[in-house]
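One structure is given here, and the rest of the page talks about it.
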Amino acid sequence: MSCSSTQVGIIGAGPAGLVLSHLLHLEGIDSVILESRTRAEVESTVRAGVLEHGTVELLKAIGAGDRMQREGAEHRGVYFRFGGETHRIDFGEHTGRSIMLYAQHEVIKDLIALRLATGGTIHFGAKASTFAGLDTAKPSIRFTASGDENELTCDYVVGCDGYHGVVRPAFPRERKEFAHTFPFGWLGILVEAPPSSDELIYAHHDRGFALVSTRSPTVQRMYLQCDPHDDLAQWSDDRIWAELHTRLETKDGWKPKTGRLLQKSIVAMRSFVTEPMQHGRLFLAGDAAHIVPPTGAKGLNLAVADVQVLARGLAEFYRSGRTDPLAGYSATALRRVWQAQHFSCWMTSMFHRVPDADPFQQRLQLAQLGHVCSSPAATRALAECYVGLFGP
Ligand code: APR
Ligand code: PHB
């Protein structure tokens, strides 16, 4: 077994692990990232692409924003479509902020390049499995890489290892879990076509939710609500386009621009939170601690918000020896997590067709959408959450 050591051992090279490692580096703190997948796999996994104002500002501040600013698209609003009509939520007018459309895997590429260029250590193909010395001041992570057993000893272990990771199961059984599974999924497509809209379109329709998003001037991202148990084989390209046309059409004949499908996949939708997000020298951040349904695209943004709080706590500890900011990590991070959880569930419940919902519930959805789009106070409340201005 080969042994090594660092100050902070990070499991997972997703947005949480990469941003944390770089924030620590900027504070002069050493870390090592263990990532079970290859660099190519990590850099090519298709995920969401909406960056909140605060995420954009952080990426710029840490030196990871150059390509995002060149290639990403700033959006100052979003469209809500229901009852055959389109309403715009103006982020600028209501919050003075905007969002950035820039795919998560592009953020990942930029962060990996930055980490490596600044001397960071990322072990790809390194799968963490068990821990030792969790009750001591020097916990260690056992991991396999290229068939060899290794041990990384550190001061703190951070699980940025996603929902299926190994750090959360190492917490004591008394931790609390809050979970909700939605009775629908999203079928997502990547299509080779010019943008259909200058801003995202969230559409409510009797046949179910649809979303028009974008990736670049030549590649678009669209989603439609489906049964989470559907087989992709049931969704021919023709069927996908027919549904998108029906769910998105407006009285003035607007249609999404079609093209060659580059990728299609089905994602289930669920909410999950574990409390607390820390135990002794173990911490959780990002999807390892919480999952949100994708309506509102908060996953990446929450991961980045978590590690900002954690990095501040770790920096204070290494600077002064004070542990109280670190002790407050979970409580601070969970406040935002629950606000984002509420927003994501609110968006989900307004737009999706609930199987077997009665007409009364459907009318309530339309009433709520009407209120959000017509009352300046309600519009502002939604816009604040969308751009990431959560309350205390
Ligand atoms: N050892 C090493 N790496 C692991 C292990 C393990 N045992 N288990 C999981 N990982 C790695 C995964 O391969 C993955 O690359 O941890 C990483 C976790 O990254 P993400 O799933 O991207 O999670 P996170 O960084 O929290 O990012 C937030 O929220 O809604 C989503 O799309 C959003 O992916 C984003 C996520
Ligand atoms: C995306 O572009 O992938 C996306 C956009 C908005 C969402 C979810 C996903 O709410």
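One-based numbering, in listed order, for ligands and for the atoms of each. Quantities reported herein were computed from a predicted structural model and do not represent experimental measurements.
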I need the contact residues for ligand 2: any residue with a non-hydrogen atom closer than 4.0 Å to the ligand, ordered by chain then number. Ala48, Gly49, Val50, Trp186, Leu200, Tyr202, Leu211, Ser213, Arg215, Arg221, Tyr223, Pro294, Thr295, Gly296, Ala297

Look up atom CD1 in Ile89 and atom CG in Leu382, then write down how far apart they are to the nearest 0.5 Å. 5.5 Å

Note: heavy atom closest to atom 8 (N) of ligand 1, options Asp161, Asp306, Val307, belongs to Asp161

Would you find a donor on one side and an acceptor on the other, under 3.5 Å apart, between the side chain of Asp287 and the backbone of Gly299? no

If you measure every N/O of Arg37 against every N/O of ligand 1, is any gap under 3.5 Å? yes

For Ala16 and ligand 1, does the shortest N/O to N/O distance drop below 3.5 Å? yes

Less than 3.5 Å between some nitrogen or oxygen of Pro15 and one of ligand 1, yes or no? yes

Are any side-chain N or O atoms of Gln7 and backbone N or O atoms of Ile29, one a donor and one an acceptor, separated by less than 3.5 Å? no

Element-labelled atoms of ligand 1 that are located less than 4.0 Å from some non-hydrogen atom of Ala126: 1 (N), 2 (C)

Got the closest protein heavy atom to atom 4 (C) of ligand 1, with its distance? Ser36 OG, 3.4 Å

Would a line drawn from the ring center of Phe272 to the ring center of Tyr163 be shorter than 6.0 Å? yes

In terms of the angle between their ring planes, are His123 and Phe143 parallel, tilted or perpendicular, with boundaries placed at 30° and 60°? parallel

Please write down residue, atom name and distance for the protein heavy atom closest to atom 32 (O) of ligand 1. Gln104 OE1, 2.8 Å

Should the ring pair Tyr202 and Tyr386 be called parallel, tilted or perpendicular, given that the plane angle runs from 0 to 90° and is split at 30 and 60? perpendicular

Does any N or O in the side chain of Thr136 come within less than 3.5 Å of the main-chain N or O of Gly133, such that one atom is a donor and the other an acceptor? yes

Under a 4.0 Å N-O cut-off, is there an ion pair linking Glu384 with Arg380? yes

Qualifying residue, where the test is ring-ring contact (aromatic ring centres under 6.0 Å, His included) with Phe82 and the options are His87, His204, His205, His371: His87

With the threshold set at 4.0 Å, does a side-chain nitrogen-carboxylate oxygen contact exist between Glu27 and Arg319? yes

For Gly14, the ligand 1 atoms whose distance to one of its heavy atoms is below 4.0 Å: 19 (O), 22 (O), 25 (O)

Where the closest heavy atom to atom 20 (P) of ligand 1 is concerned, which of Glu41, Arg47, His105 has it? Arg47

So which protein heavy atom does atom 30 (O) of ligand 1 come closest to, and at what separation? Gly299 CA, 3.3 Å

Which of the numbered atoms in ligand 1 are under 4.0 angstrom from any heavy atom belonging to Ile11? 1 (N), 2 (C), 3 (N), 6 (C)

Pull out every atom of ligand 1 sitting under 4.0 Å from any heavy atom of Ala303, numbered as shown with elements. 27 (O), 28 (C)

Do me a favour and list the nearest non-hydrogen protein atom to atom 1 (N) of ligand 1 with residue, atom name and distance? Ala128 N, 3.0 Å

Compare all side-chain heavy atoms of Thr246 with those of Trp241 and state whether any distance is below 4.5 angstrom. no

Main chain of Lys257, side chain of Ser196: is a donor-acceptor contact present, judged purely on distance under 3.5 Å? yes

Less than 4.0 Å between a side-chain N and a carboxylate O, is that true for Glu177 and Arg175? yes

Under 4.0 Å between a side-chain nitrogen and a carboxylate oxygen: does that hold for Glu275 and Lys176? no

Does Tyr79 use its side chain to pair, donor to acceptor, with the backbone of Ser197 at less than 3.5 Å? no

Give the numbers and elements of all ligand 1 atoms closer than 4.0 Å to a heavy atom of Gly286. 26 (O)

Indicate, as side chain, backbone, both or neither, the part of Glu35 found under 4.0 angstrom from ligand 1 when only non-hydrogen atoms are considered. both

Which heavy atom of the protein is the closest neighbour of atom 23 (O) of ligand 1, given with residue, atom name and distance? Asp287 CB, 4.0 Å

Do any nitrogen or oxygen atoms of Lys127 come within less than 3.5 Å of a nitrogen or oxygen of ligand 1? no

Contact atoms of ligand 1, heavy-atom distance to Gly12 under 4.0 Å: 11 (C), 16 (O), 17 (C)

Could you tell me which atoms of ligand 1, counted from 1 in the order shown, lie closer than 4.0 angstrom to a heavy atom of Val166? 7 (N)

Check the orientation of Trp346 and His342. Use parallel for under 30°, tilted for 30 to 60°, and perpendicular for over 60°. parallel

Based purely on interatomic distance, does Gly165 place a nitrogen or oxygen under 3.5 Å from a nitrogen or oxygen of ligand 1? no

Identify, for atom 18 (C) of ligand 1, the protein heavy atom at the shortest distance, and state residue, atom and that distance. Cys160 O, 3.3 Å

Check each atom of ligand 1 against the heavy atoms of Gly162 and keep those under 4.0 Å away; list them by number with element. 18 (C)

For the aromatic rings, using the six-membered ring if either is Trp, is the centroid distance between Phe390 and Trp338 under 6.0 Å? no

